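Small disclaimer: the values here were computed from a predicted structure and weren't measured. Proteins get letters first, then strands, A, B, ... in listed order; numbering begins at 1 in each.
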Amino acid sequence: MSAKRKMTRRDFLKTASMGSLGALLVAQGLPLAAQDAVINIVSSGADITSDPVTFRWIDSGDQKAVFWNAYFAEYMEAHPNVTIQYDALPWNEIAQVVPLGIRNGTAHDVYQRPLSVTLAQAVNEGWVAALDDIIPDFEAWKASFPGGVFVEGITGFNGKTYSFPATSNKRYGTHLLYNVAYLEEAGVDPQAGPMSADDFVATAKKVTENGAGRYFGFIMGGNQVNRWGAIVREFSRMAGAISMSVGNFDVDLSTGEIPYTNPLYLEAIDVLLRLRDDGSVFPGTLSMNAPEARARMPQGAAGMILQGPWNIPIWLRENPDFDFNIAGQPLLDPPTLAPITVGPGGSNEIHVNAAASDETKAIAGDIFHYLGTYEGQVAWATLVGAADPAIFAEAIAAADMQPLERNALLMFNEQVRVGPSQIVRNADTAAVNLELRPVTPNLAETVQGIYTGQIDDAAAALADLAGRADAELDRAIAAAAEKGADVSRDDYVFPNWDPYQDYGEDKYAEL
Amino acid sequence: MTVAQQISIGAPIQHSRSLRQRIADNRWVYLFMLPSLVLTLMFTLYPIFASFYYSLFQWSGFTSAPHYIGTLNFSEVIVDKQFYNAFKNSFIFMFCSVPIKLSLALVIAIVLNDRALRLAPIFRTMFFVPVVTTTAIVGIVMTFIMSPFNGPINMIMLDLGVIARPIDFFGDPKLALYSVVGVEIWKWLGIPMIYWLAALQTIPASLYEAAEVDGANWWSKFAYITVPLLKPFAVIIVLITAVGTLNVFALAMTLTGGGPYFASEVMEVYIYRTAFGAANSLTLPRIGYACAAAVYFGLSVMVMATLQLFGARWANKERAGMSAAETTADGE
């Protein structure tokens, strides 16, 4: 799975844009319209206006932007009267721009919903249009997606669909990415089998010793506080402390309890403390964010990082000489490898603005329709890769994808399962989400405080956190019930949850 | 006749006119003030009243209908440990930054005020360049300059043998806040320097010349001429700088984000975190709660602004006294 590479379409596009198009065409023998080969604009049957129209789209960008920039260029070429304005913004800006735009009537025609706004709230507020009336041949289109993508309570209400999860959420953001040369020098091959946490700590120490101050064993963006929580949470979950996110904390949905007093959390934190005490952590980790940490890896600053698949296309594109590879997150208690569980539906939900004009709604329907075709999914998988996986498994298989990205997706397929959702079980629990307040300090902040030595008693801090999260969940449920929601703590208990299996409709029916 | 005497003679005539007549007489003054007044109303007064209004609601900023909850946000803020931590950090920040910044600025201003220093304009510009540099850019660049891994500051100190191990200025909870203070002082030193320079230039050169004739040395001139005559200005400069030092959002966010583990979280970062910082989590922002915290903080800053008002009045009186003394001296 090493990162030695052949020329790909992405390389071609990038290099061509740098001005050496003609020479490359001759040298590589590539077709002139390489991009056309990936994206073909076909009519969905939508009634696209022939009048000049501006269509606006906003999402969180990242690797998605690679697809949309290419697609929108093709779309505008096919529809010269359509001007597409694509804005890729970070989530915290989406959280401000989208609601503000909706309130003052300037919202984009298609947008991603701020993470903290539930679909129920967006529907109740009249923000989002039902896709049933917008996407041509809607029922057939919807039926083309695998089961579990469109879920009542998650993507729609009362038989109407308001949300399109553009990508699969079967991925996690703390798998191992490593510098092949450094780990070979340390005599470690993560491809030989799942690495234990002990091996992980020992490898980091060995790499640091080999680096002699020039490079270190482990790096992370410790200034981006959520990284501390993600690493500890996934260490614990893969060792069996199963949970799902509720508000800004976790709940073990098999029991309805807060899991932070599970000793696995302390064990996970101990891994970080051992790395720190060994001097294996890159200096300055506490004052750099995740993108900075990611950027340091190809510079040879560290041997290992626990991050997500979105790094792969970035490194391949920007650091073609960097020899790296991926593996699963090290295991606290091998061979125990409990799957990471994600919510039902998908990821990167996109919506059509209810206040958009009929002309732009038709364009949105046309574009959404493309993503429901095999060709559209193959194009997505080819251009976006593992960062935001395509939904159709057969499209992933057929896509022109880097081996590293394909391997990441295969790994996620093995290690990620769909967990239960209280909202699918009882849509009224969406009202609880509206009442939930952030618990502060949360898991991530607490782990950071333990790591920096500002918190002495880790067990007591985790117990305190569990108590505060428990009280907040009770308070939010009571507040929602007081406003008329039919909810209780029982909605958060799924005794038949087996984390090794996807939690499907049959499981909900058993409750 | 002094200007003050002229004004006092003219004053009864002014007061005998009606308010409408006086406004009509000074209509151009009011017209020119109008743009600034409108902007102040829009961007200063309205947000103040809006903050208080929203602090009485439970509101995420997403819905069209905030839910009225009275003073619940205020009672919740007042028992929040993180609020007190941020409040304390803001004032630690101020008490560390202001004395150092003003002292350094005064020293630099005195040196630059010396007419013998031919290159004074160049040095003045150099000290002022950080002021006009974008704060967020300064913050990001400083994280590299002060990085414990190959950061120039650590490298120099290591080479000089001042330290044995690199210092993580922004990652060490004991140092993070003070490191931000250090960058803030460097960034904003030029402002009080300009204030001091303006104040120093009001001191008549004749006083120094007379002192020199009387055999006064540098220290005597500083202690018995410069300091007393700067005192009225100092009150204003201290208060303006102190209030300004409470507004360090951009630097704090870019350098530490308030971390590690709230060690450098100042009030503005706390307000931002509670208002918008939860955007990446699955909980809703709490605009009302953040507004309640902002109201508490605003009140404390208002107390300082009131002090500034009294200080300004005292300074005006002092200056009037100085002018009268100067006029008397000139007359003699």
Side-chain angles (χ1 to χ4, degrees), chain A residues 90-96 98-100 102-103 114-118 121-122 124-127 213 216 222-226 245-249 282-289 292 296 301 433-442 445-455 472 476 483, chain B residues 58 60-65 67 76 80-83 85 140 142-144 146-151 154 158 165-176 179 253-265 270 272-287 289:
Chain A
W91 279 110
N92 59 344
E93 289 187 34
I94 285 179
Q96 294 170 48
V98 170
L100 198 61
I102 287 169
R103 282 208 299 277
L115 292 173
S116 50
V117 179
T118 63
Q121 189 183 22
N124 287 340
E125 291 287 326
W127 287 15
F216 294 79
N223 183 27
Q224 192 170 312
V225 185
N226 66 320
S245 290
V246 175
N248 76 333
F249 51 87
F282 181 81
T285 271
L286 276 160
S287 46
M288 73 174 70
N289 59 27
E292 286 167 3
R296 293 272 192 182
N433 285 3
L434 301 185
E435 297 295 334
L436 278 170
R437 296 170 181 167
V439 169
T440 308
N442 60 16
E445 290 154 347
T446 302
V447 174
Q448 190 193 41
I450 293 167
Y451 183 88
T452 59
Q454 290 164 278
I455 296 174
E472 177 55 24
K483 290 179 182 171
Chain B
Q58 178 188 351
S60 63
F62 295 153
T63 58
S64 48
H67 175 59
E76 194 183 338
D80 184 356
K81 286 180 191 168
Q82 306 299 337
F83 170 74
N85 173 65
I140 290 165
M142 279 297 174
T143 58
F144 290 106
M146 296 170 78
S147 166
F149 185 76
N150 292 343
N154 266 302
L158 283 168
R165 298 185 60 186
I167 298 172
D168 192 355
F169 289 103
F170 302 117
D172 184 336
K174 294 189 182 76
L175 290 178
S179 301
M253 277 304 286
T254 49
L255 290 174
T256 65
Y261 192 64
F262 313 107
S264 62
E265 185 170 79
Y270 172 87
Y272 176 80
R273 175 167 63 79
T274 50
F276 305 111
N280 282 326
S281 81
L282 298 177
T283 53
L284 291 170
R286 302 184 66 195
I287 304 290
Y289 181 86

- Which class fits the ring pair A:Phe216 and B:Phe149: parallel under 30°, tilted 30 to 60°, perpendicular over 60°? perpendicular
- Task: Would you please name every residue forming a side-chain hydrogen bond (donor to acceptor under 3.5 Å, both in side chains) with A:Thr440, sequence neighbours left out?
- Result: none
- For the residue pair A:Pro438 and B:Arg286, what are the closest heavy atoms and their distance? CD-CD, 4.0 Å
- For residues B:Pro148 and A:Pro283, report the shortest heavy-atom separation together with the two atoms involved. CG-C, 3.7 Å
- How about A:Ser287 and B:Thr143: do any of their side-chain heavy atoms sit closer than 4.5 Å? no
- Task: Measure the shortest side-chain to side-chain distance between B:Gln82 and A:Glu445 over non-hydrogen atoms and say whether it is less than 4.5 angstrom.
- Result: no
- Query: Under a 4.5 Å heavy-atom cut-off, does chain A meet the side chain of B:Pro166, its backbone, both or neither?
  - Reply: neither
- Message: Nearest 0.5 angstrom please: B:Ser147 OG to A:Arg296 CZ, how far?
- Response: 5.0 Å
- Note on the structure: Looking only at heavy atoms, the pair that brings A:Gln454 and B:Pro173 closest together is CD-CB, 3.3 Å
- Query: Of all heavy-atom pairs between A:Pro441 and B:Tyr261, which one has the smallest distance, and what is that distance?
  - Reply: CG-OH, 3.4 Å
- Which region of B:Thr256, side chain (C-beta onward) or backbone (N, CA, C, O), has a non-hydrogen atom less than 4.5 Å from a non-hydrogen atom of chain A, or is it both or neither? backbone
- Message: If you count heavy-atom pairs within less than 4.5 Å of chain B, which of A:Asn289, A:Asn442, A:Leu286 leads?
- Response: A:Leu286
- Message: Tell me if a side-chain donor or acceptor on B:Gln58 pairs with a main-chain N or O of A:Glu435 at a distance below 3.5 Å.
- Response: no
- Interatomic spacing from CE in A:Met288 to CZ in B:Phe170 - rounded to 0.5 Å: 13.0 Å
- Query: Tell me, side chain or backbone of A:Leu434 under 4.5 Å from chain B's heavy atoms, or both, or neither?
  - Reply: both
- Query: Measuring heavy-atom distances to chain A, does B:Ala263 have an atom under 4.5 Å in its side chain, in its backbone, in both, or in neither?
  - Reply: both
- Message: Need one label for A:Phe282: side chain, backbone, both or neither, based on atoms under 4.5 Å from any heavy atom in chain B.
- Response: side chain
- Item | Toward chain B, the part of A:Glu125 with a non-hydrogen atom under 4.5 Å | side chain
